[in-house]
Amino acid sequence: MNVMKREHKQYGSKRGAGLRTGIVVFIVLLVTLIMTNPNEEDFVAWLASEHDIHASYDVNDGRTFTKTIDGEEKKLHYKGRHIGHMGILSTYSYRFADTEEKEIQIEAVGIMNMLFNR
């Protein structure tokens, strides 16, 4: 009795392995982007470094903002904010008014622990 051994060939296995690798890389990249999304405290620190707007906390007034204008530190009146978290990135928009009621609006996009003017 002569039994022939069958060879098992898998066609397309390289493509399947490449697809699996691509999916794993995509998931790792997505998780990394989500985990490194800057939060509001990062944005407030960015305001200080990029726009010279400093935040402080007062028990009576809550969070207050000041900006150095012409060598003088002036208090900004906080008008409102909008924060949008979209998984891999965030958008921030803060509105202030200075002592002359001139409106200042700062907008930024944050991704991978970095913030950029919008």
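Keep in mind that this is a model prediction, so the values were computed, not measured.
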Heavy atoms from other residues, nucleotides or ligands near NZ of Lys79 exceed 12 (cutoff 6.0 Å): no
State the CG-OG1 distance between Asp52 and Thr66, to the nearest 0.5 angstrom. 8.0 Å
Gap between atom CD of Glu100 and atom NZ of Lys102 - 0.5 Å precision: 8.5 Å
How are the rings of Phe43 and Tyr92 set relative to one another: parallel (under 30°), tilted (30 to 60°) or perpendicular (over 60°)? parallel
May I ask you to decide if the ring planes of Tyr94 and Tyr78 are parallel, tilted or perpendicular, using 30° and 60° as cut-offs? perpendicular
From CA spacing to verdict: side-chain hydrogen bond (donor to acceptor under 3.5 Å, both in side chains), Ser93, Gln105: CA-CA 7 Å; Ser93 177; Gln105 184 165 350; 3.1 Å; yes
Drop me the distance from His51's NE2 to Phe65's CZ, to the nearest 0.5 angstrom. 13.0 Å
With a 4.5 Å limit on heavy-atom distance, are the side chains of Met112 and Leu33 in contact? yes
Path from Ile104 to Ile83 over hydrophobic side-chain contacts below 4.5 Å: yes
Between Ser90 and Pro38, the two heavy atoms sitting closest are OG-O, 3.9 Å
Side-chain contact test, heavy atoms from C-beta onward, threshold under 4.5 Å: evaluate it for Thr91 versus Met86 and give yes or no. yes
Does Glu107 reach the side chain of His82, with side-chain heavy atoms less than 4.5 Å apart? no
Tell me whether Met114 shares a hydrophobic cluster with Val109, the cluster being built from Ile, Leu, Val, Met, Phe, Trp, Tyr side chains joined at under 4.5 Å. yes
For Ile34, is there any backbone N or O sitting under 3.5 Å from a side-chain donor or acceptor partner on Asn37? no
Same apolar cluster: Ile53 and Tyr57, side chain cutoff 4.5 Å: no
Kindly work out whether a path of hydrophobic side-chain contacts (I/L/V/M/F/W/Y, heavy atoms less than 4.5 Å apart) joins Ile111 to Leu30. yes
Is the shortest heavy-atom distance from the side chain of Glu73 to the side chain of His54 under 4.5 Å? no
Rounding to 0.5 Å, atoms CG (Asn113) and CH2 (Trp46) come to a distance of 14.5 Å
Taking salt bridge (Lys or Arg N to Asp or Glu O under 4.0 Å) as the test, write out the residues that go with Glu41, two or more places apart. Arg63
Spacing of Thr99 atom OG1 and Lys67 atom NZ [to the nearest 0.5 Å]: 12.5 Å
On a heavy-atom basis, the closest approach of Leu115 and Ala108 is CD2-CB, 4.3 Å
Are the side chains of Lys75 and Thr64 in contact, using a 4.5 Å heavy-atom criterion? yes
